[in-house]
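Each chain gets a letter, A, B and so on, in the order the sequences are listed, and its residues count up from 1. Computed from a predicted structure; not experimentally measured.
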2 protein chains.
Amino acid sequence: MIPQKTFSEVIADGEGIFQPSVSLDCVIFGFHENELKVLLIKARTTDHWALPGGFVFKEEDLDDAATRVLKERTGINDIFLQQFHVFGSANRSDWNIHRSNLKKDGIEIGPNHWLLKRFITVGYYALVEFAHVIATPDSSSEDCKWWDINEIDELFMDHKQILDKALDTLRLQLNHLPIGYNLLPQKFTMPELQKLYETILNKTLDRRNFQRRITGFGILKRLKETRKGGAHRAPFLYSFDMRKYRKALKQGLHGGW
Amino acid sequence: MIPQKTFSEVIADGEGIFQPSVSLDCVIFGFHENELKVLLIKARTTDHWALPGGFVFKEEDLDDAATRVLKERTGINDIFLQQFHVFGSANRSDWNIHRSNLKKDGIEIGPNHWLLKRFITVGYYALVEFAHVIATPDSSSEDCKWWDINEIDELFMDHKQILDKALDTLRLQLNHLPIGYNLLPQKFTMPELQKLYETILNKTLDRRNFQRRITGFGILKRLKETRKGGAHRAPFLYSFDMRKYRKALKQGLHGGW
DNA sequence: CTTCTATTGCGTCATTATGACACAATGCTA
DNA sequence: TAGCATTGTGTCATAATGACGCAATAGAAG
């Protein structure tokens with residue numbers, strides 16, 4: 001994999017190359033087999049899984065850093081990526097645990113090492129097409145894989161809290177923004193789109209009312225093909241009308257006042 | 001006012017007492033004479049007005065730091081305060097201007113001074129009752145006062161951009177959350193509440209439909225008094241039903257899906 | 001003290017959006 | 001070829017919304 005040396009170098013030089021005090025963590029959502037998934041990494045230095053994260057280079061925009069982290073873990077560039085909250089409790093990290101864990105990994109750091117300092121982390125969430133992702137561990141991690149949302153109990157530090165907040169935000173966004181382009185393949189069926197919504201919201205929706213509403217937004221194009229092979233009546237395939245989809249992304253969906 | 005000494009001390013010791021790299025700025029909204037106002041400060045070191053802001057003490061929660069800044073500028077404790085965005089462009093500040101300006105103020109700092117470093121700032125917005133605010137400049141400022149939203153063209157650094165984003169957020173929140181408790185006096189009339197909404201949204205609303213909708217939320221209590229002296233028919237006074245108001249704050253207003 | 005006027009309280013009506021549900025069409029399976 | 005689960009399409013009652021009418025009222029004008 002990525003040579004250990006790089007990792008050590010980063011650990012040693014971090015203070016010189018990263019913006020101090022600030023980190024970012026990404027909640028990367030994917031949709032597969034009717035389940036909402038999140039990409040997690042397993043650092044060698046802890047027993048818990050964690051959100052993919054990173055630090056900000058001294059001359060790098062915060063948003064660019066998030067894009068970089070995402071690209072590194074998934075290989076994907078052009079995706080939906082949005083910051084949603086900053087987590088800034090003074091006691092959110094217990095880096096001394098991290099220190100002893102690093103020791104297990106053969107890396108010793110002093111008590112004033114930059115990694116042990118307090119970090120304020122910016123939460124980003126991303127929507128990606130599951131099949132396009134090449135899950136890639138970072139240099140400090142031994143694994144990187146998808147987890148079902150419902151199978152995640154405990155994560156590293158406050159990452160579970162960050163994940164929950166991301167999910168709340170996603171559910172809210174579902175009311176304003178068209179969601180789906182970044183989570184589904186190019187062509188998809190109405191039941192698939194509905195299942196996506198149901199999975200995110202964690203509740204069932206009426207099939208016919210869902211279709212009426214979602215088509216009412218005018219962001220879908222029904223293709224002339226159907227998805228055959230499904231043991232029953234073949235549903236039509238749809239794709240997003242990107243002109244109207246983007247317009248809806250900018251203007252929002254219903255208005256309100 | 002606050003002694004210059006404190007300011008110099010902070011300038012000198014900042015690196016030791018503040019979390020590096022991180023700052024926060026508050027967009028404090030108030031409503032007065034049918035206008036939406038924002039509290040701004042005028043630092044001695046620049047010609048531009050700026051959002052009240054500050055840094056985070058090393059052992060202080062980020063949210064607590066925002067509350068503290070707000071308390072310091074307004075004297076108010078218990079208010080609506082929420083982070084809305086992080087501004088993290090690498091080039092968002094040109095602190096060299098700041099340096100030469102500090103010089104004018106009689107304070108010299110070296111080229112590697114902590115104030116000249118790059119800061120990532122967390123934007124908070126607050127809703128406060130205009131009449132309760134005691135606008136208080138901080139130690140680096142010569143003035144602190146309310147500005148009409150529409151009279152603000154240019155601000156210090158990227159603060160105008162931050163203000164605009166706060167306003168966007170407030171307009172969005174208007175669709176989910178009950179707004180008003182923190183911006184209006186205890187008792188208010190329906191036209192006053194409507195004017196608040198119209199001012200925030202920057203559009204007119206139908207008087208009768210507005211009343212139907214807002215009362216439909218069930219967060220208002222109509223009192224038995226009317227506001228006399230207004231040259232025409234006296235409107236009823238209302239106040240918020242705090243039990244239902246808080247419930248609406250937690251659950252949101254419409255739902256959507 | 002009466003009249004005038006702008007504003008408020010309360011209502012109607014047509015249109016649209018929503019929730020609940022019925023039924024026929026279709027593609028695989030037996 | 002019949003059975004069956006699923007999809008396409010539609011109906012109906014109800015709720016929410018937008019546009020607007022009219023009488024009540026408190027101060028101002030005379």
Side-chain angles (χ1 to χ4, degrees), chain A residues 33-34 174-176 178 180 184 187-199 201-239 244 248 251-257, chain B residues 33-34 171 174-178 180 184 187-199 201-239 244 248 251-257:
Chain A
E33 290 173 348
N34 287 341
L174 220 51
N175 293 319
H176 302 291
L184 294 172
K187 299 174 181 181
F188 51 90
T189 65
M190 191 57 71
E192 284 164 2
L193 182 59
Q194 181 181 343
K195 200 72 196 164
L196 172 62
Y197 271 71
E198 290 181 334
T199 305
L201 296 168
N202 195 31
K203 67 172 165 188
T204 59
L205 302 170
D206 182 275
R207 186 174 62 86
R208 294 145 292 190
N209 294 338
F210 175 80
Q211 169 146 350
R212 182 176 55 194
R213 183 120 182 253
I214 204 88
T215 52
F217 293 146
I219 56 173
L220 291 178
K221 277 187 305 192
R222 194 173 87 173
L223 309 179
K224 282 174 187 132
E225 324 163 50
T226 55
R227 164 108 73 228
K228 309 232 178 193
H232 297 293
R233 178 168 184 174
F236 281 104
L237 286 170
Y238 288 81
S239 66
K244 295 186 180 169
Q251 302 188 346
L253 285 176
H254 338 76
W257 288 103
Chain B
E33 290 174 347
N34 287 341
R171 282 174 181 149
L174 221 51
N175 293 319
H176 302 291
L177 301 179
L184 294 172
K187 299 173 182 182
F188 51 89
T189 65
M190 191 57 70
E192 284 163 3
L193 182 59
Q194 180 181 343
K195 200 72 197 166
L196 171 62
Y197 271 72
E198 289 181 334
T199 306
L201 295 168
N202 195 31
K203 69 172 162 188
T204 59
L205 301 171
D206 181 274
R207 186 173 62 86
R208 295 144 291 189
N209 295 338
F210 176 80
Q211 169 146 350
R212 182 176 55 193
R213 183 121 182 251
I214 204 89
T215 52
F217 293 147
I219 55 173
L220 292 177
K221 278 188 302 193
R222 193 173 88 172
L223 309 179
K224 282 173 186 132
E225 325 162 51
T226 55
R227 165 107 75 226
K228 309 236 177 191
H232 297 293
R233 180 170 183 172
F236 281 103
L237 286 171
Y238 288 81
S239 66
K244 295 186 181 170
Q251 303 189 346
L253 285 175
H254 316 91
W257 289 101

Do [X] and [Y] have side chains that approach each other closer than 4.5 Å (heavy atoms only, starting at C-beta)?
{"X": "A/N34", "Y": "A/E198", "value": "no"}
{"X": "B/L253", "Y": "B/L177", "value": "no"}
{"X": "A/M190", "Y": "A/Y238", "value": "yes"}
{"X": "B/R222", "Y": "B/T215", "value": "no"}

Rounded to the nearest 0.5 Å, what separation is found between the CD1 atom of B/I214 and the OH atom of B/Y197?
3.5 Å

Between [atom2] on [N] and [atom1] on [X], what's the gap in Å once rounded to a whole number?
{"X": "A/L205", "N": "D/dT7", "atom1": "CG", "atom2": "C1'", "answer": "17 Å"}
{"X": "B/F236", "N": "D/dA26", "atom1": "CZ", "atom2": "C1'", "answer": "13 Å"}
{"X": "B/L237", "N": "C/dG9", "atom1": "CG", "atom2": "P", "answer": "10 Å"}
{"X": "A/Q211", "N": "C/dT18", "atom1": "CD", "atom2": "P", "answer": "15 Å"}
{"X": "B/I214", "N": "D/dT17", "atom1": "CD1", "atom2": "C1'", "answer": "15 Å"}
{"X": "A/Q194", "N": "D/dG8", "atom1": "CD", "atom2": "C1'", "answer": "13 Å"}
{"X": "A/R213", "N": "D/dG8", "atom1": "CZ", "atom2": "C1'", "answer": "20 Å"}
{"X": "A/H254", "N": "D/dA15", "atom1": "NE2", "atom2": "P", "answer": "20 Å"}

If the sugar-phosphate is the primed atoms plus P, OP1 and OP2 and the base is the rest, what is the B/S/- string for nucleotides 20-30 of chain C, using protein heavy atoms under 4.0 Å?
BBB--BBBS--

Less than 3.5 Å apart, which donor and acceptor atoms pair up between the side chains of residues 202-211 of chain B and the rest of the protein, not counting sequence neighbours?
residue : atom : partner : partner atom : Å
B/K203  : NZ   : A/W257  : O            : 3.0
B/D206  : OD1  : B/R208  : N            : 2.9
B/D206  : OD1  : B/N209  : N            : 2.9
B/D206  : OD2  : B/R208  : NH2          : 3.2
B/N209  : OD1  : B/R212  : NH2          : 3.1

Give one of base, sugar-phosphate or nothing for B/R227, where a contact means two heavy atoms less than 4.0 Å apart.
nothing

